[in-house]
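Counting starts at 1 for both ligands and their atoms, following the listed order.
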Amino acid sequence: MEKEKAFYERLEGKGVSRRDFMKFCTFLTATMGLSSSFVPKVAEVFAAPAQRPPVIYLHFGECTGCTESLIRSMYPWIDELVLEILSIEYHETIMAAAGRQAEEQLQHAANQYKGKFICVVEGAIATKFDGGYGKIGGRTFLEIAQDIIPKAAGVICNGSCSSFGNIPAANPNPGGYKGVGEVMGIKTVNIAGCPPNGINFVGTVVNYLLLGKLPALDDLGRPVWAYGKTIHDQCPRRAHFENEEFVEQFGSEEAAMGYCLYKVGCRGPETYNNCPVAKFNDGTSWPVEAGAPCIGCSEPKFWDKFTPFYEEL
Ligand code: SF4
Ligand code: SF4
């Protein structure tokens, strides 16, 4: 009780009421596909965590958009919640340490929590070094991955680059970039997206803390609760697709009427993700709702497979 009281006081100190927090927990529970009876338990995971798994968060070849998506845009206070349920031992974007001190912290955390920490990876790993691609502190991405990842209890790939290689691996891929699972020959939990919705990362971690196991994954390692259906199958414009009512030009009357975006390049029929349900920025909107076709960012090789964008498949 004391723990919970202190948690709510901390949230209130940040201008977040208990009501706002419960609204978030209700939304998260529903997005995870759990019944509403789980809402108090989900709240408890944050307010009185029984355990805070240590996390080492590695950055390789990426733009840091996945971290930005997670800690900044969804709820202004989501970073606080993530810090409540996880013990972040190393994260280059948010840690105070730099240079040699940061490298020492990485080694210290990996040894101290060997076999117990969750390794979260953002970014693809370069496998060709002639051009000097991908080094941190004098070590290649591959050397860092081979040093740290085998010591982890499990690996979560945050974003399509670490999951599948994605943009760093797009043709002609001079650095030989690949996803973490492929490079290391291991199974990873893949929170796909460019960037992924922060709720998909948080929901996966909460699922683990709540039920003591990872959620069911599809054959690409993506949690089924988030990536089990296509955008097309959840899209509010679907009736227009069935009626063959299409936008053929941006800015047209058909666009203003919210017609289907298939003919201006929507990849929703081939893309598995929960954007129509989870939405972005505190549930405000999502690309198709805002009139932009889905570009298929949660699918492997989406850049090579789906470009040129804005043209019918
Ligand atoms: S806008 Fe895209 S996802 Fe929505 S119905 Fe049309 S093709 Fe499908
Ligand atoms: S609508 Fe499509 S491109 Fe946009 S975030 Fe969702 S899956 Fe990615």
Side-chain angles (χ1 to χ4, degrees), residues 27 31 62-70 72-74 122 157-170 179 190-204 218 220-313:
F27 167 64
T31 311
E62 40 82 336
C63 68
T64 312
C66 303
T67 285
E68 293 291 335
S69 173
L70 176 63
R72 297 200 202 279
S73 62
M74 187 170 54
E122 182 171 335
C157 291
N158 195 26
S160 289
C161 297
S162 51
S163 299
F164 310 127
N166 195 29
I167 291 178
N190 296 327
I191 311 296
C194 189
N197 195 322
I199 201 93
N200 292 350
F201 178 82
V202 174
T204 299
D218 69 10
L220 294 170
R222 301 175 296 193
V224 172
W225 66 267
Y227 301 91
K229 291 184 188 160
T230 63
I231 296 284
H232 191 58
D233 281 346
Q234 306 165 85
C235 182
R237 297 186 188 221
R238 179 64 183 264
H240 292 301
F241 177 89
E242 302 299 341
N243 291 336
E244 298 185 9
E245 294 166 345
F246 297 109
V247 174
E248 308 231 8
Q249 210 178 349
F250 292 114
S252 63
E253 208 176 300
E254 289 77 13
M257 288 194 290
Y259 280 9
C260 170
L261 299 165
Y262 185 75
K263 291 198 172 175
V264 284
C266 187
R267 310 302 190 228
E270 296 203 28
T271 305
Y272 288 80
N273 208 338
N274 59 355
C275 309
V277 180
K279 302 192 177 182
F280 290 84
N281 298 325
D282 200 356
T284 306
S285 188
W286 66 289
V288 168
E289 186 175 334
C294 168
I295 59 170
C297 75
S298 52
E299 293 302 308
K301 296 187 185 301
F302 87 94
W303 198 268
D304 291 335
K305 189 174 161 192
F306 291 140
T307 48
F309 297 134
Y310 310 119
E311 286 181 15
E312 188 178 339
L313 266 181

Salt-bridge criterion met for Glu289 and Lys279 (N-O under 4.0 Å) |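 The answer is yes: the pair qualifies as a salt bridge.
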Charged N to carboxylate O under 4.0 angstrom, Glu299 versus Arg222?
->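 A salt bridge links Glu299 with Arg222.
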Backbone or side chain, does Cys260 get an N/O/S atom under 2.8 Å to atom 8 (Fe) of ligand 1?
->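 False for Cys260.
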What atoms of ligand 1 come within less than 4.0 Å of a heavy atom belonging to Leu261?
->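 Within the 4.0 Å cut-off of Leu261, ligand 1 contributes 1 (S), 6 (Fe).
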Could you list which atoms of ligand 1 come closer than 4.0 Å to a heavy atom of Arg238?
->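 In order of number, 5 (S).
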Would you mind listing which atoms of ligand 2 come within a distance below 4.0 Å of any non-hydrogen atom of [X]?
| X | value |
| --- | --- |
| Asn273 | 7 (S) |
| Cys294 | 1 (S), 2 (Fe), 3 (S), 7 (S) |
| Thr271 | 7 (S) |

Should the ring pair Trp303 and Phe309 be called parallel, tilted or perpendicular, given that the plane angle runs from 0 to 90° and is split at 30 and 60?
->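 Perpendicular, since the angle between the ring planes exceeds 60°.
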Please work out which of the three classes, parallel, tilted or perpendicular, describes the rings of His240 and Tyr259, given edges at 30° and 60°.
->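 Tyr259 vs His240 ring planes: tilted.
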Short check: any N/O/S atom of Cys275 below 2.8 Å from atom 8 (Fe) of ligand 2?
->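 Under 2.8 Å: Cys275 has no N, O or S contact with atom 8 (Fe) of ligand 2.
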For [atom], what is the closest protein heavy atom, and at what distance to 0.1 Å?
| atom | result |
| --- | --- |
| atom 4 (Fe) of ligand 2 | Pro287 CG, 3.3 Å |
| atom 3 (S) of ligand 2 | Ile295 N, 3.2 Å |
| atom 8 (Fe) of ligand 2 | Cys297 SG, 2.3 Å |
| atom 2 (Fe) of ligand 1 | Cys266 SG, 2.3 Å |

Passes side-chain hydrogen bond (donor to acceptor under 3.5 Å, both in side chains), Asn197 versus Asn274? Steps please.
-> CA-CA 9 Å; Asn197 195 322; Asn274 59 355; 5.2 Å; no
What are the two closest non-hydrogen atoms of Val288 and Cys294, and how far apart are they?
->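 Between these two residues, the closest heavy atoms are CG2-N, 3.8 Å.
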Can you name the N, O or S atom of His232 that is closest to atom 8 (Fe) of ligand 1?
->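 This residue's closest N, O or S atom turns out to be ND1.
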Find out whether Asp218 and Asn190 are in side-chain contact, i.e. whether some heavy atom of one side chain is under 4.5 Å from a heavy atom of the other.
->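 Heavy-atom side-chain distance check fails, nothing below 4.5 Å.
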Tyr272: which of Thr230, Val224, Ile231 passes side chain to side chain contact (heavy atoms under 4.5 Å, CB included) |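 It is Thr230; the other options fail the test.
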